[in-house]
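Worksheet for the structure shown next.
Letters A, B, ... are given to chains in the order of the sequence lines, protein chains preceding strands, and every chain is numbered from 1. The structure displayed is predicted, hence computed values, not measured ones.
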There are 2 protein chains.
Amino acid sequence: MAGKPTSFDIAELAGVSQPTVSRALRGSPSVSEATRHRVQEIARQLNYKVDKNASNLRSRHSNTLALLLFEDPTPDDSMINPFFLAMLGSITRATARRGYDLLVSFQQLSSDWHTDYEDSRKADGLILLGYGDYRDYQERHARLVEQGTHFVRWGSEEPGHPEVVVGSDNRAGGHAVTQHLIGLGRRRIGFIGEIGIGSPEFRARYDGYCDALREAGLEPAAQYPAHNAEEDGNVAARNFLEQGVGLDAIVCASDMIAIGAMRALQKAGLKVPDDVALTGFDDILAASFANPPLTTVVQDVRAAGELLVSKLHDLIHKGQSVSEVIPTRLVVRQSSGAG
Amino acid sequence: MAGKPTSFDIAELAGVSQPTVSRALRGSPSVSEATRHRVQEIARQLNYKVDKNASNLRSRHSNTLALLLFEDPTPDDSMINPFFLAMLGSITRATARRGYDLLVSFQQLSSDWHTDYEDSRKADGLILLGYGDYRDYQERHARLVEQGTHFVRWGSEEPGHPEVVVGSDNRAGGHAVTQHLIGLGRRRIGFIGEIGIGSPEFRARYDGYCDALREAGLEPAAQYPAHNAEEDGNVAARNFLEQGVGLDAIVCASDMIAIGAMRALQKAGLKVPDDVALTGFDDILAASFANPPLTTVVQDVRAAGELLVSKLHDLIHKGQSVSEVIPTRLVVRQSSGAG
DNA sequence: CTGAAAGCGCTTACAG
DNA sequence: CTGAAAGCGCTTACAG
């Protein structure tokens, strides 16, 4: 027996047929306990492992999930958004718990990702993670649905799309954090973050911000676009300052944006939170180390990973599942001026 | 043609044999350009993708790399070390650049990882990433070598082991940061971090710390163990304080440890850096947001991912490669009391 | 440059 | 409970 042992080698040693080895190793109930024990013992001794390519080919599923991470407009090689990195960790754990392998891939929105994984039978299903420009995404999305690909997406539900989406309650989060600032006496509250069609999650946070203001009889004071990057937050805050918009608080669409905005404000000699209160969204690790520490909205990353995987599992095995919105939670630290 | 198209479907439509389709799609030079064009065009129209399970089975390689992330003694479900998360991002990018798929898996040091991937032909090679307890690792390591598994490891080279290792120059990093503190006039400098056999990287940082002190005619003032976690750093610093060890600086074996130590010092009413200077290692995102921002040693994560993947590639295709040490770089921020 | 044949190592009917 | 046969969809000799 040269090279790696096969099921035929085990069969010969165990004195049974090769299919019986296959059944025994998979724990089929139609194999006698004695046979199963003998086969498993021999397999163990020979360090035999089932060839996944062969078994996947025959059984027509791979027991593998693919995580496709598609990134912002600026997919430079620098840094991945820390929130997605945390999601990646959580998803990896959740797939392992369910006995799947996980294939991870960075994607450009423009590439062929929509066909590459399930079509080539590398994966039984896809997890889509990213802030995608929705207009661009929609064509591909239609293809996925049409081809019967199993997939779940992280983000916001889009009306009229039957896909399974798991996401945070961004609107409630934006509402909670804005209400918190209002309760602390802030009145001229601005917002930093994209609110266009390409950024539905930021948009929902913005909508929650507007809701809270209107409930309090206030108006949105100002809004500046920014993608989820420190530099974008920095630039947006500088714009606020240059234009002399007098704000006493800024709700930022993400922690990275807030950290960038904080840098701009402090550089301009303003005190956070005394002159301007500042809040983030995500609760990435760095948020609690900002100076002052950032009041923010926690996204439950652990639940997110668990739900994405379990729903994809249902889609694969039961043919259906439903979207779900995960509650968010306000974390009050010093940047909002509480206490 | 029900279900997904196969190479036979393409062959029939193109009026050639099925092996010719296979060759044309792989860009074999022994196919006429006309045939190749015709086949590729038909494949595109039908949205045909080569079945990876079949091609892997036949060709006996998977074009997939597996990243096995094995974690610290306390593999709770909480959080993955941010440095490893950054490495994960970098490795994912590097594998994609080389056309490999990446399988990601968390491993317990105690589990069967050493056989599970290459043996089952899920991957052509393994990337091992983690602070492993070396004693535990060695048995498995021997098995990997013995079975001819292709693998590279992140970390420190171990004498007498022929494996390919990529890692930072931890000793030089520990030396540089300690020398920096000495240059600023600090004299009683402690160290927080494990230095046992199970933590070779922390140990190397410690050795560099000792080197720098001795060169300056100083002695290591104190050392406390800590794994790479905020809480461990916090506990270690509290121990220093309780025991009344008078220190004017502490070199921490990682940023997470330093952040925890900073919390303990500040809680005790000490000023960083005025009373005690503090330094980290890794340069995770949170390091620059600590208060005060953390002087630390940068590990070149991008180079790390690139080298791990290219060396594993060489191992797979040329049968050999060599270990490499990546230079580190000191980043001076305020926690060390400079400027 | 192309085709007919074989075979990678399994799992799945089917038969007993 | 077990086995003989077939076949998943490719790639690889081999022949021409």
Side-chain angles (χ1 to χ4, degrees), chain A residues 1-40 42-43 46-64 116-124, chain B residues 1-40 42-43 46-64 116-124:
Chain A
M1 180 176 66
K4 293 187 197 292
T6 71
S7 53
F8 283 93
D9 298 319
I10 311 292
E12 190 170 342
L13 288 167
V16 294
S17 72
Q18 178 271 334
T20 295
V21 170
S22 174
R23 292 185 194 106
L25 260 22
R26 280 174 294 140
S28 158
S30 74
V31 170
S32 75
E33 189 155 340
T35 304
R36 179 165 55 244
H37 271 322
R38 188 152 32 93
V39 168
Q40 287 178 337
I42 292 171
L46 265 61
N47 229 311
Y48 168 78
K49 299 281 168 184
V50 172
D51 184 311
K52 278 297 171 190
N53 293 129
S55 82
N56 290 348
L57 173 59
R58 190 57 179 89
S59 65
R60 313 186 65 80
H61 62 79
S62 64
N63 246 294
T64 299
D116 232 35
Y117 284 83
E118 192 165 336
D119 281 2
S120 63
R121 297 200 188 284
K122 288 194 256 187
D124 298 335
Chain B
M1 178 177 67
K4 294 188 196 292
T6 71
S7 53
F8 283 94
D9 298 318
I10 311 292
E12 190 169 341
L13 288 167
V16 295
S17 73
Q18 177 271 332
T20 295
V21 170
S22 174
R23 291 185 195 107
L25 260 21
R26 279 174 294 139
S28 159
S30 73
V31 170
S32 76
E33 190 157 337
T35 304
R36 181 166 54 243
H37 271 320
R38 190 152 31 94
V39 168
Q40 287 178 338
I42 293 172
L46 265 61
N47 228 312
Y48 168 77
K49 299 281 167 183
V50 173
D51 184 310
K52 278 298 171 188
N53 294 129
S55 81
N56 291 349
L57 173 60
R58 189 57 179 90
S59 66
R60 312 185 66 80
H61 61 79
S62 64
N63 247 291
T64 299
D116 232 35
Y117 284 83
E118 192 165 336
D119 281 1
S120 62
R121 298 200 188 284
K122 289 194 257 188
D124 298 335

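Remark: Lys52(B) pairs with no residue by the salt bridge (charged side-chain N to carboxylate O under 4.0 Å, His left out) rule, at least two apart or across chains. Residues satisfying the side-chain contact (heavy atoms from CB on, under 4.5 Å) test with Asn53(A), not counting sequence neighbours, are Asp51(A), Asn53(B), Asn56(B), Leu57(B), Arg121(B). Applying the side-chain hydrogen bond (donor to acceptor under 3.5 Å, both in side chains) test to Arg26(A) and every residue at least two apart in sequence or in another chain returns Ser22(A). Residues satisfying the side-chain hydrogen bond (donor to acceptor under 3.5 Å, both in side chains) criterion with Thr35(B), sequence neighbours excluded, are Ser32(B). Scanning for side-chain hydrogen bond (donor to acceptor under 3.5 Å, both in side chains) contacts around Ser62(B) gives Asp124(B), with sequence neighbours left out. Listed by chain and residue number, Val16(B), Arg38(B), Val39(B), Ile42(B) satisfy the side-chain contact (heavy atoms from CB on, under 4.5 Å) test with Ala14(B) (two or more places apart in sequence, or in another chain). Partners of Ser7(B) by side-chain hydrogen bond (donor to acceptor under 3.5 Å, both in side chains), not counting sequence neighbours, listed by chain and number: Gln18(B). Applying the side-chain contact (heavy atoms from CB on, under 4.5 Å) criterion to Ser28(B), with sequence neighbours excluded, gives Arg23(B), Ser30(B), Val31(B).
Contacts between residues 27-36 of chain B and DNA chain C, defined by a heavy-atom separation below 4.0 Å, involve Pro29(B), Ser30(B), Val31(B), Ser32(B), Thr35(B), listed by number.
Side-chain N/O atoms of Ser7(A) include one lying less than 4.0 angstrom from OP1 or OP2 on dC10(C). For dG9(C), neither phosphate oxygen OP1 nor OP2 lies less than 4.0 angstrom from any side-chain nitrogen or oxygen of Tyr48(A). Within the 4.0 Å cut-off from OP1 or OP2 of dG3(D), at least one side-chain nitrogen or oxygen of Thr20(A) is found. Checking the phosphate oxygens (OP1, OP2) of dC10(C), no side-chain nitrogen or oxygen of Ser55(A) falls inside 4.0 Å. Arg60(A) has no side-chain polar atom (N or O) that falls below the 4.0 Å cut-off from OP1 or OP2 of dG7(D).
Spacing between atom NZ of Lys122(B) and atom C1' of dC10(C) amounts to 15 Å, rounded to whole angstrom units. Between the NZ atom of Lys4(B) and the C1' atom of dC10(D) there is a distance of 16 Å, given to the nearest Å. Nucleotide dC1(C) holds its P atom 13 Å from the NE2 atom of His37(B), rounded to whole Å. The separation between Gln18(A) atom CD and dC10(C) atom P is 7 Å, rounded to whole Å. Rounded to a whole Å, the CZ atom of Arg58(A) is 7 Å from the C1' atom of dA6(D). Summarising the geometry, the separation between CZ on Phe8(B) and C1' on dG7(D) is reported as 11 Å, rounded to the nearest angstrom. For Leu57(A) and dT12(C), the CG to P distance is 12 Å, given to the nearest whole Å. Atom pair Asn56(B):CG and dC8(D):P shows a separation of 18 Å (rounding to whole Å applied).
Counting all heavy atoms, side chain and backbone alike, Asp9(B) lies closest to Thr6(B) at OD2-N, 2.8 Å. When all heavy atoms are compared, the tightest approach of Leu25(B) to Tyr48(B) is CD2-CE2, 3.4 Å.
In this structure, CD1 in Ile10(B) is found 11.0 Å from CD in Gln40(B), a value given to the nearest 0.5 Å. Atom OG in Ser55(B) sits 13.0 Å away from atom NZ in Lys49(B) (nearest 0.5 Å).
Nearer the 5' end of DNA chain D, as judged by each residue's closest nucleotide, is the contact made by Gly15(A), out of Asp51(B) and Gly15(A).
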**Asked** So what is the 5' to 3' dot-bracket string for DNA chain C, if pairs are Watson-Crick or G-U wobble with both distances under 3.5 Å, crossing pairs use [ ] and | means the partner sits on another strand?
**Response** |||.||||||||.|||

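Looking at the side chain of Arg26(B), the nearest of the listed nucleotides dA6(D), dT12(D), dC10(D) is dT12(D).
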Show each protein N/O and nucleotides 13-16 of chain D N/O combination with a separation under 3.5 Å, one pair to a line.
residue: dA13(D); atom: N6; partner: Arg23(B); partner atom: NH2; Å: 3.0

